[in-house]
Amino acid sequence: MAAYGALVSLMHIIDRIENHPSPPISLDNQQVESLTENVTFLQEFLDGYMNISPVVDDHEADLLERRIVDAVYASEDVIESQIVVQTDNRSTIRGMMSSFINLFRALCKCATIEEDFYHDLQEVIEEMNLIRKEALEIANAADQLQRKVSSTLAGSSSTVKESMMVGFDEVLLEVLDKLTRGQLSRQIIPIMGMGGIGKTTLARHVFEHALVKEHFDICAWTTISQTYNVRETLREVLFQASGNSGGDLSEGELGLKLYQYLWGRRYLIIMDDMWIIDVWDKIRSSFPDCNNGSRIIVTTRLSNLTSQLGESYGVGMKFLDKASSWDLFTNTVIGGESLPPELEDIGKNIVENCKGLPLSIATIGGLLAKSERTREYWVRIEQNLNSIVITNNDEFCLKILRVSYTYLPNYLKPCFLYMGVFEEDRSIRASMLKKLWVSEGFLKPVSGKCWETIAEEYLKELVDRNMILVDKLGFSGNVKFCKIHDLLRDLCLKEVEKERFYHIIEKSPSVIYNEPRRVVFQNVGSRVISEILGSLSHARSIICNDDGINFERSHNFRLLRTFKEYDRDTRQLGSGDHFLGDVFQLVNSRHLAVRVNWKSKFPSSINLLWNLYTLIVAQSSFEMSSHEVVAPIEIWKLHQLRHLEFVEKALILPDPPSDDIVIMENLQTLRGAKNLYLNEEVVQRISNVKKLHLIYERGDMNGCLISLSELKQTERANSFSYLECLSKLEKLYCHFSFDYGYAEYFQRISFPHSLKKLNLSLDYSYHVELVKILEKIGWLPLLQKLVLKNGIFKTGKWDTIEGQFRSLKLLQLDNCNGLKNWTMAESSHFPVLEELRLQGLMELEEIPSEVGEIATLKSIYLEYCSESAVESAAKIVEEQQDLYGDQLDFHVRAIASPNFVSL
């Protein structure tokens, strides 16, 4: 919902200005109060009435939301335009300090501009007052009507459409087994999966199965909707169970009557499409547990409902495989007969594009079953598959899929709609997605929670609702990469177009509606981008998914908040060749992910980026060598900065100013910092950092080469020991490149106990003794991933110690010289290890046999290791299979050959 997202975004701007230590403009207190009241009321109105109000039809609702959006956007325009003007005026005034007359004229002009600003903002507030008055009338009318019809709210229907079930035989047998076997106490069996994947179909086949009818005394079906009615649900179950609807009995009386009738009987109740746990909490007392094997099946799109129902397991519905998809398709089109040869290849392409979603396959199959069977027609269907799936069968397909979106809480809708920004079938890095959500202003603040935590909760909720699919999990169980099913993406884009939430430009120039707030470039090329840029001066977000963008100051993007052209995953982007000075003219920016020219210099004006959350800078793709960028001291004034990342370029941070202590308490990520001098003052400023990527090379911490003797005379060499003071640090990557003298100080390194991931890369490895470092690392209580590259085992031995590496799940050793004997007293030294990766250990005689006794071990990967190490790994695999019956994912790369050998 664009209106809700816009309201949240406006409140962000107001809060930031009001609470910023050096706000770019000042707001009138009375106007702030009026804006806040209007925004708060309209948010509550959208939450409470717009989706369910019986007095507002869809057309009227769309018009009202459009008015809210326009008013909010107008408010943002007035405020952010004033920020640009005031920023420019301050620069002008500083340049006129030498002339009193010119300075006086400039100050008078500023006063006039400020007066116009308050006047323009007041006009917008008056428009919002009118909208609020209209919304209040709707709310009052809805409340009155709701009271009149509350007793006649639509109940759930027990009529379920006959449907075909293909490919779920094993799941059907699993559910039947849970129903008819196991413990005698009453059990709840959740069936989970995204909309359209076949939950209801499976439940219907279970409900009608002969074994079920024979096993249970009573079988009843009820559908629980988002706007459920407890009384009507109880009446329906009672009627199916006894034939008595309960007449005019109250909710409590119906519950008691149902309880009495079910007592002593073995019953099966199917509750289809449950959205929240509240409904179960209100009716659970009506279903007795007579210890006779009664069961309740709940179908839901919410994965987290399983634990809320008090169950430790559920039945998860997965996408169909190719064979089952084809069977469902042919059964739907021609009743399981063979397709004509000229249509079979097209049919298989159509099925493949349905991505295993039964609803999609059934919808297309139903369409083709009623259509002409010509190759030309089927080719046209194949080419327009996704749009047809969404728009053709409004009753069967769109209605079912859209309900998942309609019943999303308003705070999740902008986040879901934003998924359409990414290309089809794209595996989306969750950390990048969450950064963009924050920068777009979609997240509603929650007291005591940072933006990253709120974004993580939003993502998890969308995953639980099966609106977003998990593509890859991290070691901590968090979502690392996610995807969106093509069908849901198309639904997403349809809603985006309707709400004008953002505008996608793809393949060739297209018609652009007036002043789009968000623009996405998709496969259009740099020439087309250049042609269009001039018309995007009002854009707040520019997302480029192909070539980079070369914009000039003449393009006037001063209102831009989000500018993303660099993407670490696609690696296809970045013909952009910006200068940092140009980029930092975007004074309203919150998220900048760009490629820059190597000649770029950090301007001192960076402190004008008063609301910058994320700055990601990569080297231009035209440059072959890395280059350093020296940041000005003003960078320490970026109070809001959360993520500072330099990729393929090194960032040299100056010592912070001693006369102006600004704590960067929001900083979560610092990547690519070279020779960062850590001391008590620096640690205090970045005390909340969670991800740290550091590069250390021979030279002074400020980048000026000095001799080894001078280095020893400074305290800077003890910088490594201050890492321990970063008590919030979870991920640390350090690359060290130095000679023997510097390596001496590296041995003093200390790590915080909060670390979960550690990656150490050591050049000049023959200088760094690893055993002492590993002893320190081994005692880190939360460490899950350890990657150690280079270094030397001077004694040739590594004896692990009991009690160490208690949480380690991945251990990777690359080119660690000298290691011959690795000994473990017992498998408890790595009690939860899942993955072992060894590379370039040509002297290692064998992997300890105790590794094979680790119950959690899933894979061993060896590359260019000794023959004896490979043989010992093969033996471990055999022992693992004997102990646990599971074959390891075991990979070995031949010692003297690049050919990959899998054993």
Side-chain angles (χ1 to χ4, degrees), residues 149-160 175 178-180 182-192 199-200 202-204 206-209 212-302 304-315 407:
V149 302
S150 59
S151 61
T152 60
L153 282 175
S156 304
S157 171
S158 61
T159 302
V160 182
V175 176
K178 292 178 184 295
L179 290 176
T180 58
Q183 57 191 17
L184 293 176
S185 61
R186 185 197 68 193
Q187 287 185 298
I188 303 174
I189 303 172
I191 300 177
M192 305 164 295
K199 303 181 299 297
T200 301
L202 173 63
R204 171 54 63 183
V206 169
F207 188 74
E208 296 176 347
H209 199 280
V212 169
K213 292 181 178 180
E214 180 182 344
H215 184 75
F216 292 96
D217 301 322
I218 295 173
C219 295
W221 179 295
T222 182
T223 300
I224 309 294
S225 65
Q226 182 85 342
T227 54
Y228 66 87
N229 184 290
V230 172
R231 184 172 180 272
E232 291 301 318
T233 298
L234 294 172
R235 284 183 61 184
E236 185 169 24
V237 175
L238 179 61
F239 178 78
Q240 292 186 46
S242 66
N244 182 356
S245 64
D248 295 326
L249 294 178
S250 67
E251 182 179 305
E253 292 170 335
L254 283 169
L256 178 60
K257 190 173 185 66
L258 177 60
Y259 181 93
Q260 292 172 343
Y261 189 83
L262 294 178
W263 180 263
R265 294 180 171 93
R266 182 189 296 158
Y267 59 84
L268 168 65
I269 310 296
I270 295 183
M271 298 182 182
D272 189 35
D273 203 22
M274 184 180 288
W275 286 84
I276 53 177
I277 193 65
D278 293 11
V279 62
W280 173 244
D281 290 339
K282 293 176 181 178
I283 65 177
R284 65 189 307 166
S285 60
S286 301
F287 300 95
D289 186 358
C290 301
N291 206 36
N292 61 357
S294 293
R295 299 288 187 263
I296 296 174
I297 289 179
V298 172
T299 72
T300 180
R301 304 182 189 194
L302 311 181
N304 61 349
L305 205 61
T306 299
S307 58
Q308 294 178 1
L309 288 166
E311 298 298 315
S312 59
Y313 65 89
V315 177
Y407 287 128

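Basis for what follows: all heavy atoms, side chains included, without hydrogens, waters or symmetry-related copies. Numbering of residues begins at 1 and proceeds along the displayed sequence.
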Carboxylate-amine/guanidinium proximity below 4.0 Å for Glu208 and Arg204:
yes

Roughly how far, to the nearest 0.5 Å, is the OG atom of Ser286 from the CD atom of Glu251?
8.5 Å

Between Gln240 and Trp221, is there a donor-acceptor pair closer than 3.5 Å when you use the side chain of the first and the backbone of the second?
yes

Quick one, Ile296 with Ile189, criterion side chain to side chain contact (heavy atoms under 4.5 Å, CB included). Give me CA distance, side-chain angles, the key distance, then yes/no.
CA-CA 6 Å; Ile296 296 174; Ile189 303 172; over 6 Å; no

Just by modelled atom types, is the Asn292 backbone N or O under 3.5 Å from a matching donor or acceptor in the Arg266 side chain?
yes

Name the orientation class of the two ring planes belonging to Trp280 and Phe287 (parallel below 30°, tilted from 30 to 60°, perpendicular beyond 60°).
parallel

So which atom in Ala203 and which in Ile270 form the shortest heavy-atom distance, rounded to 0.1 Å?
O-CD1, 3.5 Å

For Val206 and Ile297, which heavy atoms make the closest approach, and how far apart are they?
CG1-CD1, 4.0 Å

Under 3.5 Å, is there a donor-acceptor pair between the side chain of Thr300 and the main chain of Met274?
yes

Arg235 NZ/CZ over Phe239 ring centroid, <6.0 Å and within 45° of normal
no

Going by heavy atoms in the side chains, are Ile191 and Val298 under 4.5 Å from each other?
no

Just how far is it from atom OG of Ser285 to atom OH of Tyr259, taken to the nearest 0.5 Å?
9.0 Å

Can you list the steps and then say if Thr200 with Asp273 is a side chain to side chain contact (heavy atoms under 4.5 Å, CB included)?
CA-CA 8 Å; Thr200 301; Asp273 203 22; 5.7 Å; no

So do the side chains of Ile283 and Met271 get within less than 4.5 Å of each other, counting heavy atoms only?
yes

How about CG on Asn291, more than 12 heavy atoms from neighbouring residues, nucleotides or ligands closer than 6.0 Å, or not?
yes

Please check if any side-chain donor atom of Glu236 sits under 3.5 Å from a side-chain acceptor atom of Thr233, or the reverse.
no

dist Ile188:CD1 -> Lys178:NZ (nearest 0.5 Å) comes out at 13.5 Å

Let me confirm one number: the CZ-CZ distance from Phe216 to Arg265, rounded to the nearest 0.5 Å.
15.5 Å

Go through the steps to decide whether Ile224 and Asp272 satisfy the test side chain to side chain contact (heavy atoms under 4.5 Å, CB included), and finish with yes or no.
CA-CA 6 Å; Ile224 309 294; Asp272 189 35; over 6 Å; no

Verdict with supporting geometry, Met192 and Val315, side chain to side chain contact (heavy atoms under 4.5 Å, CB included):
CA-CA 6 Å; Met192 305 164 295; Val315 177; over 6 Å; no

Please check: side-chain N/O of Tyr267 versus main-chain N/O of Ala241, any donor-acceptor pairing under 3.5 Å?
no

Taking all atoms of both residues into account, what is the closest heavy-atom pair of Leu254 and Leu234, and its distance?
CB-CB, 4.2 Å

How about Pro190 and Leu305: do any of their side-chain heavy atoms sit closer than 4.5 Å?
no

Looking at every heavy atom in both Cys290 and Gly264, which two are closest together, and how far apart are they?
SG-N, 3.2 Å

Nearest-0.5 Å distance, CG of residue Asn304 to CD1 of residue Ile277
9.5 Å

How many angstroms lie between atom OG of Ser294 and atom CG of Asp289, to the nearest 0.5 angstrom?
7.5 Å

